[in-house]
There are 2 protein chains.
Amino acid sequence: MVTTRTSGRGAADGAPVPDRLLAVATRLFAAQGFERTSVQEIVDAAGVTKGAMYHYFSSKDDLIREIYRRLLGLQTRSLERIADGPGTAAQRLREATADVVVSTLAHLDDGVVLMHSLHLLAPHIRAQVRAERRRYHERFRALVAEGQREGSVRADISPDLATHHFFGAVHHLGTWYRSDGALRPRQIGEGLAEMFLNGIAVQRP
Amino acid sequence: MVTTRTSGRGAADGAPVPDRLLAVATRLFAAQGFERTSVQEIVDAAGVTKGAMYHYFSSKDDLIREIYRRLLGLQTRSLERIADGPGTAAQRLREATADVVVSTLAHLDDGVVLMHSLHLLAPHIRAQVRAERRRYHERFRALVAEGQREGSVRADISPDLATHHFFGAVHHLGTWYRSDGALRPRQIGEGLAEMFLNGIAVQRP
DNA sequence: GTCACATTACCGACTGGTAGTTCGGTGCGT
DNA sequence: ACGCACCGAACTACCAGTCGGTAATGTGAC
């Protein structure tokens, strides 16, 4: 298990060794890809040796697995908090969409790694990640369906297709967003939420 | 350059060797990823040897480069044909969005390969692909801007953000679309076009 | 307080294997 | 007889993971 103590030799640079390894690995994986990044590179950048890495992680795959676990857990909890909260379905949808955009932008490297590397993981790990992602998808879809019953979302669109439509935009963020660009995360979140909700909303006469 | 003759030893299976190599490589890259697919696997599946591959392609990267070139060329030509055609901006936008969805679904493997492998190519090749993609983005964005001048698209949204929003959904198709699923490509194209256009359209009173 | 002992944290040379690329060779078509 | 298309063993490089070792830290007896 990963210790959270700050004592020990690893504290030299501030953060505990496992956290440093994950942070460095995320950065390198996002920049050059999982397969193009050697374990040696990671441990060099983290200022430790292979022995340290294999002391805390069982394999290179295990690094990614942990990166995924943290990211997906974070976002799922966030969605469920909003989705199960107060307000109309339309309100909660708007809040959830803007929130997931901002949250994705705040952890952009993790998202990029997930996008680019999920397909080359061992099948059982992939299945695990897919299951978590599916849970997320289902919760969002249910919110859209609730909007339809509520009368605020058009009845003639497929909630599944709408969900895919929106998550496409979210997953795509890593491809084009630059932190030094013109748009701030909040603006992007609100802009995408506005377009998405407007796209599925019933027209007000 | 790639020959188009059908004579020679390579014609045994019908298609010329370079085409067979590209087709097989696309399938394998999409299924298991670029780095997890060895050159040996590709040439075995194509029924030739390494010598043949390195006779037609300068490297393994060159295979991907050619896959990208074909796909992007195809889609760019298609978009420009529609965008420069007749009709209002709104009509052309609808036609273009539905078309690119159907076309992406028809070449799903190529798209998946592009999504998963672009980031690990040599920088100058990546720059080349990005440039082509940018050209595509610009043409689409111009169409949205034209819609704003025409009065059919809301003036308060960023055409760039709208373009990213839509292409997110397109790029995401490879993640969830199953050819044996409930929705046909045409339905998906029209559904996404409907949501997208509705999302950016001015409300009719 | 300190000594002995156990456990944790980390080191880094080494192994076994795989992968992309090269290149001298072969045979068919013209 | 020339060259294009293709062959495939050999080459070089690298890489994930191992393992025997060492230093630091924690623990309990006295």
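Keep in mind the model is a prediction, meaning the values are calculated, not measured.
Atom P of nucleotide dA19(C) and atom CD of Glu41(B) are separated by 8 Å, given to the nearest angstrom. In this entry the distance linking CG of Leu21(A) with C1' of dC11(C) reads 14 Å, nearest Å. Look at CZ on Arg36(B): it is 11 Å from P on dA16(D), rounded to the nearest Å.
By the ring-ring contact (aromatic ring centres under 6.0 Å, His included) test, His116(B) pairs with His119(A), sequence neighbours left out. Every residue meeting the side-chain hydrogen bond (donor to acceptor under 3.5 Å, both in side chains) condition with Gln40(B), not counting sequence neighbours, appears here in chain and number order: Asp44(B). Arg134(A) meets the side-chain hydrogen bond (donor to acceptor under 3.5 Å, both in side chains) test with Glu138(A); sequence neighbours excluded. Partners of Tyr136(B) under the ring-ring contact (aromatic ring centres under 6.0 Å, His included) rule, at least two apart in sequence or in another chain, are Phe167(B).
For His165(B) and His172(A), the ring centers are positioned 6.0 Å apart or more.
Between His55(B) and dC6(D) there is no side-chain N or O to OP1 or OP2 distance below 4.0 Å.
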Which atom pairs, donor and acceptor, lie under 3.5 Å between side-chain atoms of residues 101-113 of chain B and protein residues at least two apart or in another chain?
{"residue": "Ser103(B)", "atom": "OG", "partner": "Gln75(B)", "partner atom": "NE2", "Å": "3.0"}
{"residue": "Thr104(B)", "atom": "OG1", "partner": "Gln75(B)", "partner atom": "NE2", "Å": "3.2"}
{"residue": "Thr104(B)", "atom": "OG1", "partner": "Val100(B)", "partner atom": "O", "Å": "2.7"}
{"residue": "His107(B)", "atom": "ND1", "partner": "Ser103(B)", "partner atom": "O", "Å": "3.0"}

For a quick test of your reading: what N or O donor-acceptor pairs under 3.5 Å do the side chains of residues 124-133 of chain A make, sequence neighbours left out?
{"residue": "Arg126(A)", "atom": "NE", "partner": "Leu121(A)", "partner atom": "O", "Å": "3.4"}
{"residue": "Arg126(A)", "atom": "NH2", "partner": "Leu121(A)", "partner atom": "O", "Å": "3.4"}
{"residue": "Glu132(A)", "atom": "OE2", "partner": "Thr76(A)", "partner atom": "OG1", "Å": "3.1"}

Protein-nucleotides 20-24 of chain C N/O pairs closer than 3.5 Å?
{"residue": "dG20(C)", "atom": "OP1", "partner": "Lys60(B)", "partner atom": "NZ", "Å": "2.6"}
{"residue": "dG20(C)", "atom": "OP2", "partner": "Val39(B)", "partner atom": "N", "Å": "2.9"}
{"residue": "dG20(C)", "atom": "N7", "partner": "Lys50(B)", "partner atom": "NZ", "Å": "3.3"}
{"residue": "dT21(C)", "atom": "OP2", "partner": "Tyr54(B)", "partner atom": "OH", "Å": "2.5"}
{"residue": "dT21(C)", "atom": "OP2", "partner": "Lys60(B)", "partner atom": "N", "Å": "3.0"}
{"residue": "dT21(C)", "atom": "O5'", "partner": "Tyr54(B)", "partner atom": "OH", "Å": "3.4"}
{"residue": "dT21(C)", "atom": "O4", "partner": "Lys50(B)", "partner atom": "NZ", "Å": "2.7"}

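Distance from the side chain of Val48(A) is smallest to dC11(C) among dC11(C), dA5(D), dC7(D).
Residue pairs satisfying the salt bridge (Lys or Arg N to Asp or Glu O under 4.0 Å) criterion with at least one member in residues 187-199 of chain A, sequence neighbours excluded, are listed as follows: Arg94(A)-Glu194(A), Glu194(A)-Arg154(B).
The stretch residues 115-123 of chain B has no heavy atom under 4.0 angstrom from DNA chain D at all.
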